[in-house]
Amino acid sequence: MPELPEVELIRRHLAPVVDGATVIDVAVSHERTARYNSGPEEVEQRLNARTFTSLARTGKFLHSELDDGQVVVAHLGMSGRFVVDGDDEPHTHFRCRFDNGHEIRFIDPRTFGFVAVCDQDAPLPGMLRLGADAWTTPPEPSRLAAMLQKRTAAIKALLLDQALISGLGNIYADEALHRARIHPLRPGGDLTDGETKRLLDAISVVLESAIDNGGTSLDDLAYLLPDGRAGENLGRLRVYGRTDQPCLTCGTPIEQVRVRARSTHFCPNCQAAGK
DNA sequence: AACGATCCCTGTTGGC
DNA sequence: TGCCAACAGGGATCGT
């Protein structure tokens with residue numbers, strides 16, 4: 001499941017292909033991929049003959065303004081991949097050929113992802129409420145503390161709320177909480193100023209090193225580097241997917257609980273429930 | 001307004 | 001071995 005680091009690496013791969021390129025052929029072949037427009041035809045019509053400007057990323061969203069002021073937005077969801085100049089393969093729901101000779105394809109078996117074209121003054125609902133990007137524009141500790149004030153939900157759940165901070169998903173939320181030594185079930189409003197600062201530092205380190213390591217490729221290989229290799233960050237995860245295995249810091253078995261229908265991994269010793 | 005539950009979807013896995 | 005339920009989760013939506 002691509003999170004901020006994986007989406008950023010995909011952006012870096014796609015940007016040289018799409019920036020300044022003009023669409024000469026586009027085909028959307030799945031209704032759900034076009035669900036934020038009236039259907040595949042609308043996405044095709046609004047994209048055809050348009051020129052991409054600069055491919056950007058906010059949280060887990062990829063977006064580019066077009067030469068006529070529209071905005072194209074893509075989200076990879078759970079299983080979405082972009083491939084440049086690839087071969088035909090199952091679950092290809094979007095193909096776009098450019099005047100520079102390159103073609104990009106969007107492959108998404110679970111169809112949680114999408115490609116949308118919207119007007120600048122009518123962004124997608126999800127992007128409208130998007131909080132500051134967790135990596136490029138993280139909030140000051142005092143600002144995050146203010147946002148967490150009075151919040152009773154588990155800090156893990158709040159980290160997954162893209163309206164607070166955008167870009168963290170289930171893997172990096174667990175990793176950041178472990179690095180910050182904060183129990184995932186602690187109510188957000190109970191965090192001390194010191195813990196809030198630790199959490200922001202941990203988020204920064206966890207995301208940065210994931211990008212440096214080429215992202216996290218899980219066993220399902222839904223995410224791969226542009227050249228087809230697996231990202232190397234899986235072996236560096238300290239809690240995610242390590243239920244019952246010894247904590248790499250203290251040896252205590254990693255525990256797993258569910259928070260907002262998401263598996264949550266933590267060390268009961270390093271991340272004490274009290275404080 | 002905040003919070004938790006539910007749903008969408010398909011490939012993979014684990015239990016019997 | 002084969003079948004099927006359970007599981008994985010980002011985000012929208014809805015009820016409380």
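A side-chain hydrogen bond (donor to acceptor under 3.5 Å, both in side chains) with N170(A) is found for one member of K156(A), H265(A), E175(A), R262(A) and no other, namely K156(A).
For the pair L164(A) CG and dG11(C) P, the computed distance is 13 Å after rounding to whole Å. Counting to the nearest Å, the C1' atom of dG10(C) and the CZ atom of R57(A) are 16 Å from each other. Spacing between atom CG of L160(A) and atom P of dC3(B) amounts to 13 Å, rounded to whole angstrom units. Remark: P of dG11(C) and CE of M78(A) are 11 Å apart, rounded to the nearest angstrom. Regarding F114(A), its CZ atom lies at a distance of 15 Å from the C1' atom of dG9(C), rounded to whole Å. As a whole-Å value, the separation of E3(A) CD from dA8(C) C1' is 13 Å. We find that CG of L76(A) is positioned 17 Å from P of dG9(C), with the value rounded to whole Å. In this entry the distance linking CG of L158(A) with C1' of dA1(B) reads 13 Å, nearest Å.
Placement of V7(A) and I211(A) within a single hydrophobic cluster is found when ILVMFWY residues are connected by side-chain heavy-atom separations under 4.5 Å, directly or transitively. Cluster membership check: L158(A) shares its hydrophobic cluster with L200(A), using side-chain heavy-atom separations under 4.5 Å among Ile, Leu, Val, Met, Phe, Trp and Tyr. L55(A) and L9(A) fall within the same hydrophobic cluster, defined by Ile, Leu, Val, Met, Phe, Trp and Tyr side-chain heavy atoms under 4.5 Å apart, directly or through other members.
Residues forming a side-chain contact (heavy atoms from CB on, under 4.5 Å) with T51(A) (at least two apart in sequence, or on another chain): T22(A), D67(A). Contacts of S54(A) classified as side chain to side chain donor-acceptor pair (under 3.5 Å), with partners at least two apart in sequence or in another chain: none. Residues forming a side chain to side chain donor-acceptor pair (under 3.5 Å) with H63(A) (at least two apart in sequence, or on another chain): T58(A). D121(A) is linked by a side chain to side chain donor-acceptor pair (under 3.5 Å) to nothing, counting only residues two or more places apart in sequence or in another chain.
For residues 18-53 of chain A, every residue pair satisfying the ring-ring contact (aromatic ring centres under 6.0 Å, His included) rule, not counting sequence neighbours, is listed here: H30(A)-H93(A), Y36(A)-F114(A), F52(A)-F98(A). Residue pairs satisfying the ring-ring contact (aromatic ring centres under 6.0 Å, His included) criterion with at least one member in residues 123-178 of chain A, sequence neighbours excluded, are absent.
Interface residues of residues 142-157 of chain A facing DNA chain B, ordered by number: R151(A), T152(A), A153(A); criterion, heavy-atom separation under 4.0 Å. Of the residues in residues 208-215 of chain A, not one places a heavy atom less than 4.0 Å from an atom of DNA chain B.
Between R46(A) and Q70(A), the side chains place a donor N or O and an acceptor N or O closer than 3.5 Å (distance only, hydrogens not considered). In the model, Q162(A) has no side-chain atom that pairs as donor or acceptor with a side-chain atom of S166(A) under 3.5 Å.
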Distance-only criterion, 3.5 Å: show the donor-acceptor pairs between side-chain atoms of residues 233-240 of chain A and protein atoms not counting sequence neighbours.
unit_1	atom_1	unit_2	atom_2	d
N233(A)	OD1	N213(A)	ND2	3.1
N233(A)	ND2	T216(A)	OG1	3.0
R236(A)	NE	N213(A)	OD1	3.1
R236(A)	NH2	N213(A)	OD1	3.1
R238(A)	NH2	T249(A)	OG1	3.2

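Taking 4.0 angstrom as the limit, Y172(A) places none of its side-chain polar atoms (N or O) nearer than this to OP1 or OP2 of dG10(C). Between Q162(A) and dG10(C) there is no side-chain N or O to OP1 or OP2 distance below 4.0 Å. Dashed line: the shortest gap from a side-chain N or O of H75(A) to OP1 or OP2 of dG10(C) is not under 4.0 Å.
Applying the 6.0 Å contact sphere to CD of E140(A) captures no more than 12 heavy atoms from other residues, nucleotides or ligands. Within a 6.0 Å sphere centred on CZ of R143(A), heavy atoms belonging to other residues, nucleotides or ligands number 12 at most.
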**Message:** If you apply the rule side-chain hydrogen bond (donor to acceptor under 3.5 Å, both in side chains), what do you find for H91(A) with D108(A), and how did you get there?
**Reply:** CA-CA 6 Å; H91(A) 308 297; D108(A) 185 18; over 6 Å; no
Any protein N or O atoms within reach of nucleotides 8-11 of chain B? Criterion: under 3.5 Å, listing atom names and distances.
unit_1	atom_1	unit_2	atom_2	d
dG11(B)	OP1	H91(A)	NE2	2.7

Atom pairs under 3.5 Å, N or O on each side, protein against nucleotides 12-16 of chain C: can you list them with distances?
unit_1	atom_1	unit_2	atom_2	d
dA12(C)	OP1	G126(A)	N	3.3

Between the protein and nucleotides 5-7 of chain C, list every N/O to N/O distance that falls short of 3.5 Å.
none

